[in-house]
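So you know, we letter chains A, B, ... as the sequences are listed, proteins then strands, and number each from 1.
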Amino acid sequence: MLRDITIGQYYPADSVIHKLDPRTKLFATLLFVISLFTFRSWAGLALATVFLAVLIRLSKVPLRYMVKGLRAIVVILLITALFNLFLTPGKVLVEWWIFSISYEGLISAGKMTVRLIFLILGTSVVTLTTTPNALTDGLEKALRPLNAIRIPVHEVAMMMSIALRFIPILVEETDKIMKAQIARGADFESGNLIKKAKNMVPLLVPLFISAFRRANDLALAMEARCYHGGKGRTKMKPLQYRRRDAVVYGLVLVYFAGMIAVRILL
Amino acid sequence: MSIILDHVNYVYSAGTAYEKHALKDISLKIEDGQFIGIIGHTGSGKSTLIQHLNGLIRATSGAIYYNGEDIYDKGYPLQKLRGKVGLVFQYPEHQLFETTIFKDVCFGPKNQGLSQNEAELKAFEALRAVGLSERLWYQSPFDLSGGQKRRVAIAGVLAMKPEVLILDEPTAGLDPKGRDEILDQVVRMHRELHITVILVSHSMEDVANYVGRLIVMNRGQVMFDGVPREVFAHYQELEAVGLSAPQVTYLMHDLRRRGLSVDESATTLEEAKASILRALQVGSK
(Lines give C-alpha, C1' and ligand atoms only; values in the text may rest on other atoms or scores of the structure.)
Protein backbone atom coordinates (compact mmCIF):
# COMPACT_ATOMS: atom_id res chain seq x y z
CA MET A 1 0.00 0.00 0.00
CA LEU A 2 2.46 2.62 1.17
CA ARG A 3 5.54 0.92 -0.11
CA ASP A 4 5.77 3.24 -3.12
CA ILE A 5 7.29 6.16 -1.23
CA THR A 6 10.84 6.54 -2.52
CA ILE A 7 11.97 9.67 -0.68
CA GLY A 8 14.96 8.92 1.49
CA GLN A 9 15.06 5.34 0.36
CA TYR A 10 18.34 3.68 -0.24
CA TYR A 11 18.60 1.37 -3.22
CA PRO A 12 21.33 -1.19 -2.58
CA ALA A 13 23.62 -1.90 -5.51
CA ASP A 14 27.31 -2.26 -6.11
CA SER A 15 28.31 0.76 -8.16
CA VAL A 16 31.01 3.43 -8.29
CA ILE A 17 28.48 6.03 -7.20
CA HIS A 18 27.50 3.98 -4.17
CA LYS A 19 31.12 3.80 -3.10
CA LEU A 20 31.86 7.53 -3.34
CA ASP A 21 32.33 9.57 -0.22
CA PRO A 22 29.01 11.25 0.66
CA ARG A 23 30.73 14.64 0.74
CA THR A 24 31.77 14.19 -2.86
CA LYS A 25 28.23 13.39 -3.81
CA LEU A 26 26.85 16.38 -1.91
CA PHE A 27 29.34 18.69 -3.59
CA ALA A 28 28.58 17.25 -7.01
CA THR A 29 24.84 17.65 -6.42
CA LEU A 30 25.30 21.26 -5.38
CA LEU A 31 27.23 22.09 -8.53
CA PHE A 32 24.81 20.10 -10.69
CA VAL A 33 21.82 21.97 -9.27
CA ILE A 34 23.50 25.33 -9.82
CA SER A 35 24.48 24.33 -13.33
CA LEU A 36 20.87 23.48 -14.15
CA PHE A 37 19.93 27.10 -13.62
CA THR A 38 22.80 28.54 -15.62
CA PHE A 39 22.12 27.14 -19.06
CA ARG A 40 20.20 29.10 -21.65
CA SER A 41 21.26 27.37 -24.84
CA TRP A 42 20.46 23.93 -26.16
CA ALA A 43 24.13 23.02 -25.93
CA GLY A 44 24.01 23.59 -22.18
CA LEU A 45 20.91 21.44 -21.90
CA ALA A 46 22.58 18.71 -23.90
CA LEU A 47 25.65 18.80 -21.67
CA ALA A 48 23.54 18.53 -18.52
CA THR A 49 21.55 15.67 -20.05
CA VAL A 50 24.71 13.75 -20.88
CA PHE A 51 26.10 14.33 -17.38
CA LEU A 52 22.90 13.14 -15.72
CA ALA A 53 22.56 10.15 -18.04
CA VAL A 54 26.09 9.03 -17.24
CA LEU A 55 25.41 9.42 -13.51
CA ILE A 56 22.24 7.37 -13.64
CA ARG A 57 23.92 4.74 -15.75
CA LEU A 58 26.85 4.46 -13.36
CA SER A 59 24.61 4.27 -10.30
CA LYS A 60 23.04 0.98 -11.50
CA VAL A 61 19.69 2.08 -10.10
CA PRO A 62 16.91 1.22 -12.56
CA LEU A 63 15.60 4.36 -14.24
CA ARG A 64 12.05 3.15 -13.60
CA TYR A 65 12.76 3.29 -9.89
CA MET A 66 13.92 6.90 -10.13
CA VAL A 67 11.07 8.06 -12.29
CA LYS A 68 8.68 6.81 -9.62
CA GLY A 69 9.97 9.60 -7.40
CA LEU A 70 8.80 12.14 -9.97
CA ARG A 71 5.18 11.32 -9.34
CA ALA A 72 5.29 13.37 -6.16
CA ILE A 73 6.07 16.58 -8.05
CA VAL A 74 3.74 16.20 -11.03
CA VAL A 75 1.48 18.96 -9.74
CA ILE A 76 4.36 21.38 -9.21
CA LEU A 77 5.65 20.55 -12.68
CA LEU A 78 2.26 21.23 -14.23
CA ILE A 79 1.76 24.55 -12.45
CA THR A 80 5.26 25.74 -13.36
CA ALA A 81 4.85 24.70 -16.95
CA LEU A 82 1.46 26.39 -17.27
CA PHE A 83 2.65 29.67 -15.74
CA ASN A 84 5.62 29.75 -18.07
CA LEU A 85 3.50 28.78 -21.01
CA PHE A 86 0.85 31.47 -20.65
CA LEU A 87 2.65 34.32 -18.92
CA THR A 88 5.76 34.71 -21.02
CA PRO A 89 5.42 37.63 -23.45
CA GLY A 90 6.78 37.28 -26.97
CA LYS A 91 5.85 36.15 -30.45
CA VAL A 92 2.29 34.87 -30.19
CA LEU A 93 1.62 31.41 -31.57
CA VAL A 94 -1.93 30.67 -30.40
CA GLU A 95 -4.44 33.08 -28.95
CA TRP A 96 -7.79 32.23 -27.41
CA TRP A 97 -9.91 34.54 -25.26
CA ILE A 98 -7.54 35.95 -22.61
CA PHE A 99 -4.99 33.17 -23.04
CA SER A 100 -2.11 33.36 -25.40
CA ILE A 101 0.84 31.12 -25.95
CA SER A 102 4.04 32.64 -27.21
CA TYR A 103 6.98 30.96 -28.83
CA GLU A 104 9.18 32.09 -25.96
CA GLY A 105 6.64 30.77 -23.44
CA LEU A 106 6.68 27.38 -25.07
CA ILE A 107 10.46 27.25 -24.92
CA SER A 108 10.73 28.45 -21.35
CA ALA A 109 7.99 26.09 -20.17
CA GLY A 110 9.85 23.22 -21.75
CA LYS A 111 13.16 24.25 -20.24
CA MET A 112 11.69 24.81 -16.80
CA THR A 113 10.05 21.39 -16.82
CA VAL A 114 13.28 19.73 -17.89
CA ARG A 115 15.18 21.64 -15.19
CA LEU A 116 12.84 20.50 -12.46
CA ILE A 117 12.85 16.89 -13.66
CA PHE A 118 16.66 16.93 -13.81
CA LEU A 119 16.76 18.50 -10.37
CA ILE A 120 14.72 15.70 -8.85
CA LEU A 121 16.52 12.96 -10.77
CA GLY A 122 19.94 14.38 -9.91
CA THR A 123 19.22 14.66 -6.22
CA SER A 124 17.53 11.28 -6.10
CA VAL A 125 20.68 9.70 -7.52
CA VAL A 126 22.32 10.83 -4.29
CA THR A 127 19.60 9.70 -1.92
CA LEU A 128 19.20 6.37 -3.69
CA THR A 129 22.90 5.57 -3.65
CA THR A 130 23.74 6.82 -0.16
CA THR A 131 22.47 5.36 3.07
CA PRO A 132 20.79 7.98 5.25
CA ASN A 133 23.54 7.51 7.81
CA ALA A 134 26.31 8.15 5.31
CA LEU A 135 24.44 11.20 4.09
CA THR A 136 24.17 12.80 7.49
CA ASP A 137 27.77 11.85 8.25
CA GLY A 138 28.78 13.67 5.12
CA LEU A 139 26.65 16.68 5.94
CA GLU A 140 28.00 16.80 9.45
CA LYS A 141 31.57 16.78 8.32
CA ALA A 142 31.04 19.18 5.44
CA LEU A 143 29.22 21.67 7.66
CA ARG A 144 31.56 21.39 10.60
CA PRO A 145 32.96 24.93 10.09
CA LEU A 146 29.52 26.24 11.09
CA ASN A 147 30.33 25.15 14.64
CA ALA A 148 32.40 28.31 14.84
CA ILE A 149 29.26 30.43 14.65
CA ARG A 150 27.58 28.27 17.30
CA ILE A 151 25.39 26.15 15.06
CA PRO A 152 25.11 22.71 16.71
CA VAL A 153 26.01 20.82 13.56
CA HIS A 154 26.30 17.42 15.21
CA GLU A 155 22.96 17.68 16.96
CA VAL A 156 21.21 18.80 13.79
CA ALA A 157 22.82 15.97 11.86
CA MET A 158 21.79 13.48 14.53
CA MET A 159 18.20 14.71 14.43
CA MET A 160 18.23 14.43 10.67
CA SER A 161 19.53 10.90 10.67
CA ILE A 162 17.00 9.86 13.28
CA ALA A 163 14.20 11.49 11.30
CA LEU A 164 15.33 9.75 8.13
CA ARG A 165 15.70 6.47 9.92
CA PHE A 166 12.17 6.74 11.22
CA ILE A 167 10.51 7.36 7.88
CA PRO A 168 10.44 3.70 6.83
CA ILE A 169 9.59 2.58 10.36
CA LEU A 170 6.61 4.88 10.57
CA VAL A 171 5.52 4.03 7.05
CA GLU A 172 5.54 0.39 7.99
CA GLU A 173 3.73 1.12 11.22
CA THR A 174 1.08 3.11 9.35
CA ASP A 175 0.66 0.23 6.96
CA LYS A 176 0.24 -2.20 9.80
CA ILE A 177 -2.28 -0.10 11.73
CA MET A 178 -4.20 0.63 8.55
CA LYS A 179 -4.46 -3.07 7.78
CA ALA A 180 -5.52 -3.87 11.32
CA GLN A 181 -8.27 -1.27 11.20
CA ILE A 182 -9.36 -2.40 7.74
CA ALA A 183 -9.60 -5.88 9.23
CA ARG A 184 -12.06 -4.35 11.69
CA GLY A 185 -14.07 -2.93 8.82
CA ALA A 186 -12.58 0.58 8.74
CA ASP A 187 -12.85 2.45 5.48
CA PHE A 188 -10.15 4.95 4.54
CA GLU A 189 -11.17 5.58 0.96
CA SER A 190 -14.80 6.54 0.48
CA GLY A 191 -16.75 9.56 1.70
CA ASN A 192 -16.23 13.30 1.42
CA LEU A 193 -13.32 15.23 2.86
CA ILE A 194 -14.73 15.69 6.36
CA LYS A 195 -15.78 12.06 6.58
CA LYS A 196 -12.38 10.96 5.33
CA ALA A 197 -10.63 13.11 7.93
CA LYS A 198 -12.86 11.64 10.61
CA ASN A 199 -12.08 8.13 9.39
CA MET A 200 -8.40 8.84 9.92
CA VAL A 201 -8.79 9.01 13.70
CA PRO A 202 -8.45 5.22 14.18
CA LEU A 203 -5.22 5.46 12.22
CA LEU A 204 -3.71 8.64 13.65
CA VAL A 205 -4.26 8.02 17.35
CA PRO A 206 -2.39 4.69 17.42
CA LEU A 207 0.27 6.11 15.09
CA PHE A 208 0.99 9.06 17.37
CA ILE A 209 1.06 6.87 20.43
CA SER A 210 3.46 4.54 18.70
CA ALA A 211 5.69 7.41 17.52
CA PHE A 212 5.93 8.78 21.05
CA ARG A 213 6.61 5.35 22.48
CA ARG A 214 9.39 4.80 19.98
CA ALA A 215 10.88 8.24 20.59
CA ASN A 216 10.83 7.57 24.30
CA ASP A 217 12.48 4.16 23.90
CA LEU A 218 15.11 5.59 21.60
CA ALA A 219 15.96 8.44 23.96
CA LEU A 220 16.29 5.97 26.80
CA ALA A 221 18.49 3.66 24.76
CA MET A 222 20.73 6.55 23.73
CA GLU A 223 21.06 7.74 27.28
CA ALA A 224 21.80 4.22 28.49
CA ARG A 225 24.74 4.24 26.11
CA CYS A 226 25.97 7.54 27.50
CA TYR A 227 25.08 9.71 24.54
CA HIS A 228 25.78 13.31 25.48
CA GLY A 229 25.85 15.21 22.21
CA GLY A 230 28.65 15.86 19.79
CA LYS A 231 31.35 17.18 22.10
CA GLY A 232 34.42 14.99 22.01
CA ARG A 233 32.62 12.30 20.03
CA THR A 234 34.66 10.32 17.54
CA LYS A 235 33.54 8.05 14.74
CA MET A 236 34.10 4.36 14.44
CA LYS A 237 34.35 4.69 10.68
CA PRO A 238 35.54 8.20 9.91
CA LEU A 239 34.89 9.40 6.39
CA GLN A 240 37.91 9.23 4.20
CA TYR A 241 38.48 10.49 0.69
CA ARG A 242 39.88 8.00 -1.81
CA ARG A 243 41.33 8.42 -5.20
CA ARG A 244 37.98 7.99 -6.95
CA ASP A 245 36.65 10.96 -4.98
CA ALA A 246 39.44 13.15 -6.32
CA VAL A 247 38.65 11.98 -9.84
CA VAL A 248 34.97 12.77 -9.38
CA TYR A 249 35.72 16.20 -7.93
CA GLY A 250 37.82 16.85 -11.02
CA LEU A 251 35.18 15.63 -13.45
CA VAL A 252 32.43 17.62 -11.77
CA LEU A 253 34.52 20.76 -11.85
CA VAL A 254 35.26 20.20 -15.52
CA TYR A 255 31.55 19.73 -16.17
CA PHE A 256 30.74 22.92 -14.26
CA ALA A 257 33.39 24.88 -16.10
CA GLY A 258 31.99 23.49 -19.34
CA MET A 259 28.50 24.68 -18.44
CA ILE A 260 29.80 28.16 -17.66
CA ALA A 261 31.83 28.24 -20.85
CA VAL A 262 28.77 27.23 -22.86
CA ARG A 263 26.76 29.94 -21.17
CA ILE A 264 29.34 32.64 -21.94
CA LEU A 265 30.26 31.51 -25.43
CA LEU A 266 26.93 30.45 -26.89
CA MET B 1 -18.30 -23.55 5.00
CA SER B 2 -14.60 -23.54 4.32
CA ILE B 3 -11.68 -21.53 3.05
CA ILE B 4 -9.86 -22.98 0.09
CA LEU B 5 -6.53 -21.70 -1.18
CA ASP B 6 -5.72 -22.85 -4.67
CA HIS B 7 -2.10 -22.53 -5.80
CA VAL B 8 -1.59 -19.15 -4.16
CA ASN B 9 1.61 -17.26 -4.88
CA TYR B 10 2.65 -13.92 -3.53
CA VAL B 11 5.64 -11.81 -4.54
CA TYR B 12 6.64 -8.66 -2.63
CA SER B 13 8.01 -5.61 -4.48
CA ALA B 14 8.23 -7.42 -7.79
CA GLY B 15 10.87 -6.05 -10.12
CA THR B 16 13.00 -4.25 -7.53
CA ALA B 17 16.07 -5.19 -5.53
CA TYR B 18 13.75 -6.01 -2.64
CA GLU B 19 11.78 -8.64 -4.55
CA LYS B 20 10.76 -11.55 -2.37
CA HIS B 21 8.73 -14.62 -3.15
CA ALA B 22 6.80 -14.76 0.12
CA LEU B 23 4.34 -17.53 -0.71
CA LYS B 24 5.04 -20.34 -3.11
CA ASP B 25 2.20 -22.35 -4.55
CA ILE B 26 0.13 -22.75 -1.40
CA SER B 27 -2.92 -25.00 -1.57
CA LEU B 28 -4.91 -25.53 1.61
CA LYS B 29 -8.40 -26.35 2.73
CA ILE B 30 -9.57 -24.98 6.04
CA GLU B 31 -12.70 -26.73 7.24
CA ASP B 32 -15.37 -25.29 9.42
CA GLY B 33 -14.80 -25.55 13.15
CA GLN B 34 -11.18 -26.63 12.99
CA PHE B 35 -8.60 -25.43 15.47
CA ILE B 36 -5.47 -24.89 13.43
CA GLY B 37 -1.98 -23.86 14.39
CA ILE B 38 0.31 -22.26 11.84
CA ILE B 39 3.94 -22.48 12.82
CA GLY B 40 6.96 -21.06 11.12
CA HIS B 41 10.13 -19.16 11.52
CA THR B 42 10.20 -15.35 11.24
CA GLY B 43 9.91 -14.62 7.52
CA SER B 44 8.48 -18.02 6.65
CA GLY B 45 5.41 -16.37 5.17
CA LYS B 46 2.90 -17.20 7.89
CA SER B 47 1.82 -13.60 8.45
CA THR B 48 1.56 -13.05 4.71
CA LEU B 49 -0.53 -16.18 4.41
CA ILE B 50 -3.14 -15.17 6.96
CA GLN B 51 -3.52 -11.72 5.44
CA HIS B 52 -4.64 -13.45 2.27
CA LEU B 53 -7.46 -15.18 4.10
CA ASN B 54 -9.44 -11.97 4.64
CA GLY B 55 -8.38 -10.31 1.41
CA LEU B 56 -6.00 -7.73 2.90
CA ILE B 57 -3.29 -8.89 0.54
CA ARG B 58 -4.13 -9.91 -2.98
CA ALA B 59 -2.34 -12.98 -4.25
CA THR B 60 -0.02 -12.48 -7.20
CA SER B 61 -1.51 -15.63 -8.69
CA GLY B 62 -3.89 -18.34 -7.56
CA ALA B 63 -7.38 -18.24 -6.12
CA ILE B 64 -9.03 -18.15 -2.71
CA TYR B 65 -12.58 -19.36 -2.10
CA TYR B 66 -14.62 -18.54 0.96
CA ASN B 67 -17.67 -20.78 1.25
CA GLY B 68 -17.31 -21.61 -2.41
CA GLU B 69 -17.12 -18.03 -3.63
CA ASP B 70 -14.01 -16.62 -5.27
CA ILE B 71 -13.01 -13.62 -3.13
CA TYR B 72 -11.20 -12.04 -6.07
CA ASP B 73 -14.39 -11.92 -8.13
CA LYS B 74 -15.45 -8.47 -9.21
CA GLY B 75 -17.99 -7.12 -6.78
CA TYR B 76 -17.22 -9.62 -4.03
CA PRO B 77 -17.89 -7.76 -0.77
CA LEU B 78 -14.42 -7.80 0.81
CA GLN B 79 -15.54 -5.64 3.70
CA LYS B 80 -18.14 -8.25 4.60
CA LEU B 81 -15.54 -10.98 4.30
CA ARG B 82 -13.42 -9.18 6.87
CA GLY B 83 -16.31 -9.41 9.30
CA LYS B 84 -16.55 -13.15 8.63
CA VAL B 85 -12.83 -13.83 8.79
CA GLY B 86 -11.67 -11.86 11.81
CA LEU B 87 -7.95 -11.16 11.84
CA VAL B 88 -6.20 -10.14 15.04
CA PHE B 89 -2.75 -8.81 14.24
CA GLN B 90 0.40 -9.15 16.25
CA TYR B 91 0.45 -6.72 19.17
CA PRO B 92 -3.20 -5.86 18.54
CA GLU B 93 -3.20 -3.53 21.53
CA HIS B 94 -1.29 -1.04 19.35
CA GLN B 95 -4.47 -0.40 17.39
CA LEU B 96 -6.65 0.73 20.25
CA PHE B 97 -7.72 4.33 19.80
CA GLU B 98 -11.03 5.11 21.48
CA THR B 99 -11.58 6.90 24.76
CA THR B 100 -13.14 3.89 26.44
CA ILE B 101 -12.70 0.16 26.05
CA PHE B 102 -16.36 -0.33 25.29
CA LYS B 103 -16.35 2.25 22.49
CA ASP B 104 -13.26 0.68 20.99
CA VAL B 105 -14.88 -2.73 20.83
CA CYS B 106 -17.94 -1.14 19.20
CA PHE B 107 -15.79 0.09 16.30
CA GLY B 108 -15.92 -3.15 14.32
CA PRO B 109 -19.66 -3.84 14.57
CA LYS B 110 -20.42 -0.21 13.76
CA ASN B 111 -18.35 -0.48 10.61
CA GLN B 112 -20.53 -3.43 9.67
CA GLY B 113 -23.41 -0.99 9.57
CA LEU B 114 -25.12 -2.08 12.77
CA SER B 115 -27.11 0.38 14.86
CA GLN B 116 -25.71 1.74 18.11
CA ASN B 117 -27.80 -0.69 20.16
CA GLU B 118 -26.84 -3.75 18.16
CA ALA B 119 -23.19 -2.75 18.16
CA GLU B 120 -23.25 -2.33 21.92
CA LEU B 121 -24.85 -5.72 22.32
CA LYS B 122 -22.12 -7.32 20.22
CA ALA B 123 -19.43 -5.48 22.17
CA PHE B 124 -21.00 -6.63 25.40
CA GLU B 125 -20.91 -10.26 24.29
CA ALA B 126 -17.37 -9.99 22.96
CA LEU B 127 -15.98 -8.45 26.14
CA ARG B 128 -17.72 -11.20 28.10
CA ALA B 129 -16.22 -13.83 25.83
CA VAL B 130 -12.65 -12.60 26.39
CA GLY B 131 -13.25 -12.54 30.12
CA LEU B 132 -12.59 -8.89 30.84
CA SER B 133 -13.96 -7.71 34.14
CA GLU B 134 -16.98 -5.44 33.75
CA ARG B 135 -15.68 -2.72 35.99
CA LEU B 136 -12.96 -1.99 33.42
CA TRP B 137 -15.25 -1.52 30.44
CA TYR B 138 -15.61 2.23 30.64
CA GLN B 139 -11.98 2.99 31.38
CA SER B 140 -9.46 4.21 28.88
CA PRO B 141 -7.84 1.25 27.07
CA PHE B 142 -4.47 2.88 27.63
CA ASP B 143 -4.64 2.35 31.38
CA LEU B 144 -4.74 -1.44 31.13
CA SER B 145 -1.96 -3.97 31.51
CA GLY B 146 -0.48 -5.61 28.42
CA GLY B 147 -2.51 -8.81 28.72
CA GLN B 148 -5.74 -6.93 29.33
CA LYS B 149 -5.15 -4.63 26.37
CA ARG B 150 -4.70 -7.66 24.21
CA ARG B 151 -8.00 -9.09 25.38
CA VAL B 152 -9.71 -5.83 24.48
CA ALA B 153 -8.14 -5.92 21.03
CA ILE B 154 -9.26 -9.51 20.50
CA ALA B 155 -12.74 -8.54 21.66
CA GLY B 156 -12.66 -5.76 19.07
CA VAL B 157 -12.45 -8.38 16.32
CA LEU B 158 -14.68 -10.90 18.05
CA ALA B 159 -17.46 -8.32 18.25
CA MET B 160 -17.89 -8.56 14.50
CA LYS B 161 -19.08 -12.14 15.03
CA PRO B 162 -16.53 -13.78 12.77
CA GLU B 163 -16.94 -17.36 11.64
CA VAL B 164 -13.19 -17.71 11.47
CA LEU B 165 -10.89 -16.10 14.01
CA ILE B 166 -7.23 -15.72 13.10
CA LEU B 167 -4.77 -14.72 15.80
CA ASP B 168 -1.24 -13.72 14.82
CA GLU B 169 1.14 -14.47 17.70
CA PRO B 170 -1.46 -13.70 20.36
CA THR B 171 1.02 -14.48 23.14
CA ALA B 172 3.98 -12.41 21.91
CA GLY B 173 5.49 -10.33 24.69
CA LEU B 174 3.28 -11.73 27.44
CA ASP B 175 4.55 -13.36 30.61
CA PRO B 176 3.86 -17.10 31.08
CA LYS B 177 0.73 -16.44 33.11
CA GLY B 178 -0.67 -14.00 30.58
CA ARG B 179 0.20 -16.43 27.81
CA ASP B 180 -1.69 -19.33 29.40
CA GLU B 181 -4.67 -17.14 30.14
CA ILE B 182 -4.95 -15.90 26.58
CA LEU B 183 -4.55 -19.39 25.13
CA ASP B 184 -7.09 -20.90 27.52
CA GLN B 185 -9.47 -18.12 26.58
CA VAL B 186 -8.96 -18.88 22.90
CA VAL B 187 -9.69 -22.55 23.49
CA ARG B 188 -12.85 -21.65 25.37
CA MET B 189 -13.97 -19.34 22.56
CA HIS B 190 -13.38 -22.09 20.02
CA ARG B 191 -15.48 -24.50 22.06
CA GLU B 192 -18.28 -22.17 23.09
CA LEU B 193 -18.70 -19.97 20.04
CA HIS B 194 -18.23 -22.83 17.56
CA ILE B 195 -15.88 -20.84 15.37
CA THR B 196 -12.87 -21.85 13.35
CA VAL B 197 -9.69 -20.69 15.04
CA ILE B 198 -6.33 -20.25 13.39
CA LEU B 199 -3.46 -19.65 15.76
CA VAL B 200 -0.19 -18.35 14.32
CA SER B 201 2.87 -18.82 16.42
CA HIS B 202 6.54 -19.63 16.32
CA SER B 203 6.37 -21.49 19.60
CA MET B 204 5.59 -25.19 19.43
CA GLU B 205 4.78 -25.32 23.13
CA ASP B 206 2.03 -22.75 22.59
CA VAL B 207 0.16 -24.65 19.97
CA ALA B 208 0.98 -28.30 20.69
CA ASN B 209 -1.43 -28.50 23.61
CA TYR B 210 -4.34 -26.86 21.89
CA VAL B 211 -4.66 -27.35 18.18
CA GLY B 212 -6.11 -30.24 16.25
CA ARG B 213 -4.20 -29.55 13.09
CA LEU B 214 -0.76 -28.10 12.60
CA ILE B 215 0.56 -26.40 9.47
CA VAL B 216 4.30 -25.82 9.37
CA MET B 217 5.53 -23.07 7.04
CA ASN B 218 9.06 -22.79 5.77
CA ARG B 219 10.35 -20.33 3.16
CA GLY B 220 6.91 -19.58 1.85
CA GLN B 221 5.87 -23.20 1.50
CA VAL B 222 3.82 -25.63 3.53
CA MET B 223 6.32 -28.05 4.96
CA PHE B 224 4.04 -30.25 7.06
CA ASP B 225 0.29 -30.33 7.51
CA GLY B 226 -1.33 -32.77 9.90
CA VAL B 227 -2.27 -33.55 13.48
CA PRO B 228 0.44 -32.41 15.94
CA ARG B 229 1.73 -35.89 16.78
CA GLU B 230 2.35 -36.62 13.10
CA VAL B 231 4.13 -33.35 12.62
CA PHE B 232 6.27 -33.69 15.71
CA ALA B 233 7.39 -37.14 14.57
CA HIS B 234 9.50 -35.15 12.09
CA TYR B 235 11.23 -33.33 14.91
CA GLN B 236 14.63 -33.68 13.33
CA GLU B 237 13.50 -32.04 10.11
CA LEU B 238 11.80 -29.32 12.12
CA GLU B 239 15.07 -28.65 13.88
CA ALA B 240 16.87 -28.41 10.56
CA VAL B 241 14.73 -25.39 9.66
CA GLY B 242 15.17 -23.71 13.02
CA LEU B 243 11.99 -24.91 14.69
CA SER B 244 11.70 -27.40 17.47
CA ALA B 245 9.21 -29.93 18.75
CA PRO B 246 7.79 -29.48 22.27
CA GLN B 247 10.11 -30.40 25.14
CA VAL B 248 7.94 -33.45 25.77
CA THR B 249 8.82 -34.92 22.39
CA TYR B 250 12.52 -34.76 23.19
CA LEU B 251 12.02 -36.27 26.63
CA MET B 252 10.04 -39.17 25.23
CA HIS B 253 12.56 -39.89 22.51
CA ASP B 254 15.40 -39.80 25.06
CA LEU B 255 13.55 -42.18 27.39
CA ARG B 256 12.91 -44.53 24.49
CA ARG B 257 16.56 -44.49 23.58
CA ARG B 258 17.44 -45.44 27.15
CA GLY B 259 15.22 -48.46 27.03
CA LEU B 260 11.92 -47.31 28.50
CA SER B 261 9.11 -48.31 26.15
CA VAL B 262 7.15 -45.05 26.16
CA ASP B 263 4.93 -43.65 23.44
CA GLU B 264 7.07 -41.09 21.56
CA SER B 265 4.13 -39.43 19.90
CA ALA B 266 2.83 -37.94 23.14
CA THR B 267 2.57 -34.19 22.65
CA THR B 268 1.19 -32.93 25.93
CA LEU B 269 2.44 -33.25 29.48
CA GLU B 270 -0.61 -35.27 30.47
CA GLU B 271 -0.14 -37.83 27.72
CA ALA B 272 3.55 -38.08 28.51
CA LYS B 273 2.86 -38.64 32.19
CA ALA B 274 0.36 -41.39 31.49
CA SER B 275 2.67 -43.08 29.04
CA ILE B 276 5.68 -42.96 31.37
CA LEU B 277 3.71 -44.32 34.29
CA ARG B 278 2.39 -47.14 32.14
CA ALA B 279 5.89 -47.99 30.92
CA LEU B 280 7.23 -48.00 34.48
CA GLN B 281 4.45 -50.29 35.69
CA VAL B 282 5.09 -52.72 32.86
CA GLY B 283 8.78 -52.60 33.69
CA SER B 284 8.35 -53.28 37.44
CA LYS B 285 6.04 -56.23 36.98
Side-chain angles (χ1 to χ4, degrees), chain A residues 1-6 9-15 18 59-69 128-129 168-191 195 198-214 217, chain B residues 12-18 47-48 50-51 53-58 77-99 103-114 119 140-142 149 153-162 165-166 168:
Chain A
M1 250 176 266
L2 290 165
R3 281 171 201 277
D4 304 335
I5 300 172
T6 46
Q9 263 196 10
Y10 177 64
Y11 186 95
D14 181 33
S15 80
H18 281 78
S59 74
K60 290 189 185 165
V61 178
L63 187 63
R64 207 159 40 90
Y65 206 78
M66 286 194 179
V67 173
K68 265 208 288 191
L128 285 167
T129 60
I169 293 179
L170 289 180
V171 166
E172 202 176 295
E173 188 87 19
T174 311
D175 197 53
K176 233 167 38 194
I177 297 171
M178 237 170 144
K179 274 182 175 167
Q181 304 297 28
I182 291 173
R184 289 168 79 189
D187 180 7
F188 294 112
E189 263 124 44
S190 57
K195 188 141 192 304
K198 243 176 134 181
N199 287 349
M200 290 306 242
V201 173
L203 172 63
L204 291 179
V205 172
L207 190 63
F208 269 95
I209 291 172
S210 141
F212 279 114
R213 190 183 53 234
R214 281 176 193 282
D217 289 352
Chain B
Y12 272 113
S13 318
T16 70
Y18 298 104
S47 290
T48 311
I50 54 170
Q51 288 178 44
L53 300 182
N54 72 348
L56 269 180
I57 297 183
R58 203 193 157 97
L78 275 177
Q79 207 176 353
K80 247 192 195 141
L81 173 71
R82 287 170 191 146
K84 301 270 182 217
V85 182
L87 176 55
V88 182
F89 276 87
Q90 217 171 341
Y91 297 106
E93 58 272 27
H94 292 176
Q95 288 111 44
L96 303 175
F97 69 96
E98 272 288 7
T99 46
K103 272 195 203 164
D104 205 284
V105 177
C106 285
F107 181 65
K110 271 198 189 156
N111 285 329
Q112 287 178 304
L114 298 180
S140 162
F142 304 107
K149 274 189 200 170
I154 294 174
V157 173
L158 208 56
M160 298 195 295
K161 290 274 138 139
L165 181 66
I166 308 171
D168 191 356

Nearest non-hydrogen partners of P206(A) and H94(B), listed with the distance: CB-O, 3.1 Å
Most chain B-contacting option - heavy-atom pairs closer than 4.5 Å, from S210(A), G185(A), A186(A): G185(A)
CD1 on I177(A) to CZ on F89(B), rounded to 0.5 Å: 11.0 Å
Atom of D187(A), atom of Q79(B) and distance for their closest heavy-atom approach: CB-NE2, 4.5 Å
Salt bridge (charged side-chain N to carboxylate O under 4.0 Å, His left out) partners for R213(A), two or more places apart: none
Heavy atoms of other groups near F142(B) CZ, more than 12 under 6.0 Å: yes
I57(B) portion near chain A, given a 4.5 angstrom heavy-atom threshold: side chain
Residue list, salt bridge (charged side-chain N to carboxylate O under 4.0 Å, His left out) with K176(A), at least two apart or on another chain: none
Neighbourhood of chain B inside residues 198-205 of chain A, taking heavy atoms under 4.5 Å as contact: V201(A), P202(A), V205(A)
Heavy-atom donor-acceptor pair, Q95(B) side chain to Q181(A) backbone, under 3.5 Å: no
Donor-acceptor contact present, side-chain N54(B) to main-chain A183(A), <3.5 Å: no
Salt bridge (charged side-chain N to carboxylate O under 4.0 Å, His left out) against E98(B), all qualifying residues, sequence neighbours excluded: none
Euclidean distance, I182(A) CD1 relative to L87(B) CG, rounded to 0.5 Å: 11.5 Å
